[in-house]
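Single-structure report; data block below.
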Number of protein chains: 2
Amino acid sequence: MDDAPTSPTPVLAPVAAEDIAGLRGFNRYFTRRIGALDDHYLGQDRPLGEARLLFEIGEGPVSLRELRGRLGLDAGYLSRMVKALEGEGLVRVSVHPGDSRLRVAELTSAGRTEVEEQNRRADALADGLLKGLTREQRGQLTGALADAQRLLRLAAIRVEVVDGTHPDARTCLDAYAADIDARFPEGYDPATLVPPHEVSGRSGAFLVAYEEGRPVGCGALRRLADGAGEIRHVWVHPDARRLGLARRLLGELERQAVARGHRVVRLDTHASLTEAQAVYRACGYTEIPRYNDDVYGAHFFEKRLGR
Amino acid sequence: MDDAPTSPTPVLAPVAAEDIAGLRGFNRYFTRRIGALDDHYLGQDRPLGEARLLFEIGEGPVSLRELRGRLGLDAGYLSRMVKALEGEGLVRVSVHPGDSRLRVAELTSAGRTEVEEQNRRADALADGLLKGLTREQRGQLTGALADAQRLLRLAAIRVEVVDGTHPDARTCLDAYAADIDARFPEGYDPATLVPPHEVSGRSGAFLVAYEEGRPVGCGALRRLADGAGEIRHVWVHPDARRLGLARRLLGELERQAVARGHRVVRLDTHASLTEAQAVYRACGYTEIPRYNDDVYGAHFFEKRLGR
DNA sequence: CCATTTGTTTGACTCTAGTCAAGCAATAGG
DNA sequence: CCTATTGCTTGACTAGAGTCAAACAAATGG
């Protein structure tokens with residue numbers, strides 16, 4: 001058990017030099033070769049900044065504030081670019097109906113045409129690149145890129161301990177409640193959610209996972225009457241599923257439990273959450289008899305925290 | 001045979017939309033997230049162009065001509081940047097000993113220190129990214145990136161038909177001859193190489209594979225006395241091995257053979273080239289009895305070009 | 001209702017990156 | 001030996017990308 005080759009839940013370990021070299025080598029190759037190419041083609045006759053802006057406005061109307069955040073631009077710089085695009089008839093700007101300080105931009109039909117042309121060019125570029133490969137190799141490439149992207153996204157997600165009353169904690173719990181309310185045949189009563197004070201300070205913890213500053217997952221640890229830890233409300237935003245984030249949250253919650261002196265953690269799940277049950281089992285949890293009177297609980301799990 | 005799920009040698013087929021979308025999605029994610037981060041950190045207090053230049057000078061002395069090629073810079077622009085770095089005491093420039101038109105740049109110890117600092121920062125960035133993953137996930141990521149890079153390199157290689165007398169053809173054949181001369185216990189006599197006229201025009205073809213403008217592989221097709229095609233001198237530069245380029249060259253040579261009306265191609269290999277034999281077998285070649293008096297040939301193969 | 005805060009605009013800059021052409025020195029090719 | 005050619009430098013210029021501060025209007029919080 002001590003020298004298990006793979007660890008069921010994440011353990012922090014120093015990063016191997018070859019992994020760093022691999023990532024850096026790929027980064028050099030990719031950005032200099034493919035990325036640069038793409039930027040060059042995307043822009044064509046238009047400055048890259050404007051091309052990116054058009055692309056980012058894309059579908060529905062977007063507020064300038066949103067664009068500023070997404071592209072990381074200076075307010076003045078953005079304002080001027082939008083004005084230039086408006087002057088060319090590619091973008092229409094209007095005042096936000098709800099808040100007159102905000103301005104929202106959307107593409108005109110000419111703008112839409114230009115974005116389509118951009119997409120055509122980018123597709124042609126990708127097509128030209130992939131053409132040299134067999135169908136099988138293309139599939140391998142697509143698979144490898146998907147795996148890499150999944151892992152890079154997971155790696156970029158930061159898990160932080162926040163207070164149970166933190167707005168991001170509430171946002172996540174609301175989404176969690178809505179989510180399972182839709183999934184449980186009997187619905188879900190939000191009053192069942194763990195109260196903020198139980199997951200704050202010494203007695204418990206609340207974790208929020210952030211991807212690019214946006215909360216995309218959470219998990220709570222509280223103390224049971226008998227002194228064991230209890231994990232509750234492990235949730236992952238639909239956009240961030242299938243990355244392995246639930247496992248990561250679980251591991252972080254276990255670390256929090258260890259730090260609070262718990263030697264064992266328990267949790268329960270609803271009968272309908274079969275994937276969750278599989279995750280718990282894979283992470284070293286074993287099924288135990290009912291240990292509480294939770295109306296939604298159907299399966300009960302426990303894990304001893306060793307080391 | 002007609003509907004075999006995987007094709008032994010490359011066949012051109014339209015690129016699936018999902019492969020294009022996969023590559024484009026990854027490109028967007030990667031360049032905007034990782035690449036941009038990297039550039040930002042790499043530069044720090046120094047313009048990106050100069051930072052890249054320092055990195056590229058790296059070890060041993062490099063001629064400005066070489067740097068110009070590698071970074072794709074304008075001669076005047078490069079000249080000025082080198083001068084600026086020289087002024088800061090990071091780079092030492094001297095006249096090339098062999099050709100006084102050329103100038104060679106190398107790092108001073110201050111320059112080396114700065115590049116080390118660059119590397120430390122880039123390593124720290126990669127380390128910070130990978131830290132969120134388990135050791136197993138890091139290994140998966142490194143593997144996926146290596147696969148993707150291998151396939152992207154292969155995809156970016158262009159195979160062209162050149163005249164047998166073309167300098168790139170000669171370069172490749174010289175490298176090929178030197179390569180096998182070192183591998184064959186009995187050495188290799190370059191006089192055995194196919195004469196240029198046999199691989200030009202209607203009777204044959206000479207293919208050169210280019211990676212970023214540099215020849216990295218070749219292959220020849222000529223016509224045998226009985227009208228069959230013969231494939232010879234399939235060679236891949238050591239830097240471009242393990243990408244699957246030999247298979248690709250083989251496939252292109254077969255296409256050339258079909259275009260010239262050959263219904264069958266043959267080839268021979270030296271007893272010591274066991275990997276090559278494996279490739280031929282995997283690409284649908286079957287071993288046949290000796291069909292020529294080549295002193296180096298030990299195994300003889302044939303493939304019918306059907307459809 | 002008054003003071004902040006937020007979202008945006010405008011003017012005035014800076015710096016990086018890059019182009020283009022003229023010119024000079026060394027070399028290569030006939 | 002003469003004429004390209006190659007490699008580099010210099011001057012003159014441009015455009016893209018971005019910063020910073022002042023100003024102003026709408027919304028928000030006491």
Side-chain angles (χ1 to χ4, degrees), chain A residues 31-32 35-57 61-88 91-106 167, chain B residues 31-32 35-57 61-88 91-106 167:
Chain A
T31 53
R32 309 278 132 97
L37 242 179
D38 188 54
D39 275 358
H40 182 256
Y41 276 75
L42 184 68
Q44 208 83 333
D45 49 348
R46 176 172 303 290
L48 188 58
E50 287 184 14
R52 282 214 261 256
L53 181 52
L54 276 176
F55 184 87
E56 206 61 44
I57 295 172
V62 205
S63 69
L64 298 194
R65 155 143 126 288
E66 174 74 20
L67 288 170
R68 205 143 43 80
R70 288 222 288 252
L71 294 166
L73 296 174
D74 174 81
Y77 185 26
L78 175 63
S79 172
R80 245 178 288 260
M81 271 202 290
V82 169
K83 205 167 139 195
L85 291 175
E86 203 181 5
E88 285 188 79
V91 163
R92 198 181 6 256
V93 185
S94 50
V95 174
H96 184 103
D99 183 341
S100 316
R101 290 172 304 182
L102 283 154
R103 305 237 291 149
V104 289
E106 62 185 317
Chain B
T31 53
R32 306 278 133 96
L37 243 180
D38 188 54
D39 274 359
H40 182 256
Y41 276 76
L42 184 69
Q44 206 82 333
D45 48 349
R46 176 172 302 290
L48 190 58
E50 287 184 12
R52 281 214 263 257
L53 182 52
L54 275 177
F55 183 87
E56 206 62 44
I57 295 173
V62 205
S63 69
L64 298 195
R65 156 143 127 284
E66 175 73 21
L67 288 171
R68 205 145 40 84
R70 289 221 287 253
L71 294 165
L73 297 173
D74 174 79
Y77 185 27
L78 176 64
S79 172
R80 246 178 286 262
M81 270 203 289
V82 168
K83 205 167 139 194
L85 291 175
E86 202 179 4
E88 285 188 77
V91 163
R92 200 184 0 258
V93 185
S94 51
V95 174
H96 185 105
D99 183 340
S100 316
R101 288 172 305 185
L102 283 154
R103 305 238 292 149
V104 289
E106 62 186 316

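Values reported hereafter were calculated over all heavy atoms of this structure, with side chains retained and with hydrogens, waters and symmetry mates removed.
Taking a 4.0 Å limit (strictly below) on heavy-atom distances, residues 77-88 of chain A reaches DNA chain C at Ser79(A), Arg80(A), Lys83(A).
Using a 4.0 Å heavy-atom distance criterion, Gly49(B) is classed as a sugar-phosphate-only contact.
An OP1 or OP2 oxygen of dT9(C) is reached within less than 4.0 angstrom by a side-chain nitrogen or oxygen of Arg103(A).
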Can you check side-chain contact (heavy atoms from CB on, under 4.5 Å) on Leu73(B) and Leu67(B), steps first, answer last? CA-CA 8 Å; Leu73(B) 297 173; Leu67(B) 288 171; over 6 Å; no
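The distance from atom CG of Leu64(B) to atom P of dC8(D) is 5 Å, rounded to the nearest whole Å. Here dT6(D) presents its P atom at 17 Å from NE2 of His96(B), a figure rounded to the nearest Å. Rounded to an integer number of Å, the gap from CG of Asp74(B) to P of dA15(D) is 17 Å. Between the P atom of dT16(C) and the CG atom of Asp45(B) lies a distance of 11 Å, rounded to the nearest Å. To the nearest angstrom, P of dA26(D) lies 13 Å from CG of Leu102(A). As rounded to whole Å, 15 Å separates atom C1' of dC15(C) from atom CZ of Arg46(B). Taking atom CG of Leu73(A) as the reference point, atom P of dG16(D) lies 16 Å away to the nearest angstrom. In this structure, Arg52(B) atom CZ and dT16(C) atom C1' are separated by 12 Å, rounded to whole Å.
Taking both residues in full, the closest heavy atoms of Val95(B) and Ser100(B) are given as CG1-CA, 3.5 Å, listed atom of the first, atom of the second, then distance. When all heavy atoms of Ala105(A) and Val91(A) are compared, the closest pair comes out as CB-CG1, 4.0 Å. Of all heavy-atom pairs between Met81(A) and Gly49(A), the closest is SD-C, 3.7 Å. Summarising the geometry of Leu64(B) relative to Leu78(B), their closest heavy-atom pair is O-CD2, 3.4 Å, with the distance given to 0.1 Å. Counting all heavy atoms, side chain and backbone alike, His96(A) lies closest to Gly98(A) at CD2-N, 2.9 Å. Here the shortest heavy-atom pairing between Val104(B) and Ser63(B) reads CG1-CA, 3.8 Å.
Applying the side chain to side chain donor-acceptor pair (under 3.5 Å) test to Arg101(A) and every residue at least two apart in sequence or in another chain returns Asp99(A). Glu56(A) meets the side chain to side chain donor-acceptor pair (under 3.5 Å) test with Arg70(A); sequence neighbours excluded.
At its two ends the helix from dC1(C)-dG30(D) to dG30(C)-dC1(D) runs along axes set 30° apart, each axis drawn from five pairs and the angle rounded to 10°.
Candidate nucleotides dG7(D), dA17(C), dG7(C) were compared by shortest atom distance to the side chain of Arg65(B), and dG7(D) ranks first. The side chain of Pro47(B) lies closest to dT16(C) when the candidates are dT16(C), dG16(D), dC8(D).
From Glu50(A), atom CD reaches atom CG of Leu85(A) across 4.5 Å, with rounding to the nearest 0.5 Å.
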Whether each nucleotide of nucleotides 25-30 of chain C has a protein heavy atom under 4.0 Å at its base (B), only at its sugar-phosphate (S) or at neither (-) is summarised, 5' to 3', as -BS---
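Toward the 5' end of DNA chain D, the nearer of the two residues Glu50(A) and Gly76(A), judged by each one's closest nucleotide, is Glu50(A).
Pairs of residues two or more places apart, or lying in two chains, that qualify as side-chain hydrogen bond (donor to acceptor under 3.5 Å, both in side chains) and include a residue from residues 79-88 of chain B are Arg46(B)-Glu88(B).
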